[in-house]
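Letters A, B, ... mirror the listed sequences (proteins, then strands); counts begin at 1. Bear in mind that the values here come from a model prediction, so they are computed numbers and not experimental data.
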2 protein chains.
Amino acid sequence: MKTPQEAFTQYLSDENLKMTPQRGLILECILEQTQHLSPEEIYDKVRKRDSSVGQATVYRTLKLLAEAGIIESLDFADGVARYEVAWGKEHHDHLICEACGKNIEIMDPMIEKRQETIAEEHGFKLSHHKMYLYGLCPDCRGKR
Amino acid sequence: MKTPQEAFTQYLSDENLKMTPQRGLILECILEQTQHLSPEEIYDKVRKRDSSVGQATVYRTLKLLAEAGIIESLDFADGVARYEVAWGKEHHDHLICEACGKNIEIMDPMIEKRQETIAEEHGFKLSHHKMYLYGLCPDCRGKR
DNA sequence: GTAATTGCAAATTATTTGCATTGCC
DNA sequence: GGCAATGCAAATAATTTGCAATTAC
């Protein structure tokens, strides 16, 4: 399978867009991170390596990366946009602790299958879905 | 079961807050609507009946109504915040058409059950969840 | 009476856009 | 070389907040 970098270059070229040092650097910074990042955090990280990069470029590049399917946007209901690397990873959903923010990636074939079925029953062609489970993790559960 | 109005009054009183004409009017406007409303749309609707109500009051009241469990916020990934009446309604998820925005409420006991199980397996106490299925509806499907 | 609420406008926050300049293919 | 990309600053958009005046309980 192509690396994220190769995939991005490919996507850009397919769309008649260009690879640039800025775009490469932004992708690098995202790939190094294991956490779910906000545009602001990515911007900070990028600037440490090249302070000349503008915030607008980060936003523009995030949009491109999402269109290319390399990253995916999340919604943890904490008021901040977040992204995670999607390239080469299997689809998964999130189980989020409302108290400490901890989140666990979950994967469940049964639910995925059922979602397909539900969509079909309504005549829909499913393209993607988002599922978030909110609750209290074992640690925070005890503190209440 | 209490009416939404009664529930809201109850909630306010429990929190040592006060019922006001503005709050009552805002709730009324939300209840009359069957669609999923944005703060802006609610504000417009409220102003038609009482043009002196401020936008800030609408935002503040929406927050209270959500805390009281009378309305719930949605995320249709169209960049706008939306609310729907939750009081007295069974929980449901949404199947959304990416082309025309049409959305269908879905309910699936099997998925609900499985979500509980998954949370338990990770030691979580589940409080709520959100699930959105995105795709193309029968109408839009044909046009591609 | 007193603390909560309101409307207003200003302040924030998050993101987007216009534009002259720069740089990739 | 030509079109796309960049950085900057200004522009939007959506929401929040400070505050003096008002009002519910």
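Ring planes of A/His94 and A/His36: perpendicular class, angle over 60° (limits at 30 and 60°). Under the 30°/60° scheme for interplanar angles, the aromatic rings of B/His128 and A/Tyr134 are found to lie parallel. In this structure, B/His91 and B/His129 have perpendicular ring planes: the angle between them is above 60°, well past the 30° mark. Using cut-offs of 30° and 60° on the angle between ring planes, the pair B/Tyr11 and B/Phe8 is parallel.
Distances were taken from every side-chain heavy atom of A/Thr57 (C-beta onward) to each of D/dG7, C/dT5, D/dT15; the shortest belongs to D/dG7.
A/Glu121 CD: more than 12 foreign heavy atoms inside a 6.0 Å radius.
Put simply, A/Gln22 has a side-chain N or O that comes within less than 4.0 Å of OP1 or OP2 on D/dG7.
For B/Glu120, the side-chain contact (heavy atoms from CB on, under 4.5 Å) partners at least two apart in sequence or on another chain are B/Glu116.
Residues B/Leu25 and B/Tyr59 fall into different hydrophobic clusters, defined by Ile, Leu, Val, Met, Phe, Trp and Tyr side chains chained together at heavy-atom separations under 4.5 Å.
Across all strands shown, A/Ser52 has heavy atoms under 4.0 Å from sugar-phosphate atoms exclusively, and none from any base.
One atom, OH of A/Tyr59, and another, P of D/dT6, lie 16 Å apart when rounded to the nearest Å. Atom CD1 in B/Ile26 sits roughly 12 Å away from atom C1' in C/dG7 (whole-Å rounding). At whole-Å resolution of the value, CG in A/Asp50 and P in D/dT6 are 11 Å apart. Between B/Glu40 atom CD and D/dA13 atom P the separation is 11 Å, expressed in whole Å. When rounded to the nearest whole Å, the span between OH of B/Tyr43 and P of D/dT16 equals 15 Å. Protein atom CD of A/Glu15 is 17 Å distant from nucleotide atom C1' of C/dC24, rounded to whole Å. One interatomic measurement links the two molecules: CG of B/Leu37 to P of D/dA14, which rounds to 15 Å at whole-angstrom precision. Rounded to whole Å, the distance from CZ on A/Arg23 to C1' on C/dC25 is 13 Å.
Each end of the helix from C/dG1-D/dC25 to C/dC25-D/dG1 gets its own axis, taken as the rotation carrying the C1' atoms of four end pairs onto the next four within a five-pair window, and the two axes meet at 40° to the nearest 10 degrees.
Annotation: side chain of B/Arg23 is not in contact with side chain of B/Leu27 (no heavy-atom distance under 4.5 Å).
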Query raised in the report: Can you give one letter per nucleotide of nucleotides 17-25 of chain D, going 5' to 3': B for a protein heavy atom under 4.0 Å from the base, S for sugar-phosphate only, - for none?
Result: BB-----BS

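Between A/Gly54 and A/Tyr43, the closest heavy-atom pair is C-CE1, 3.8 Å.
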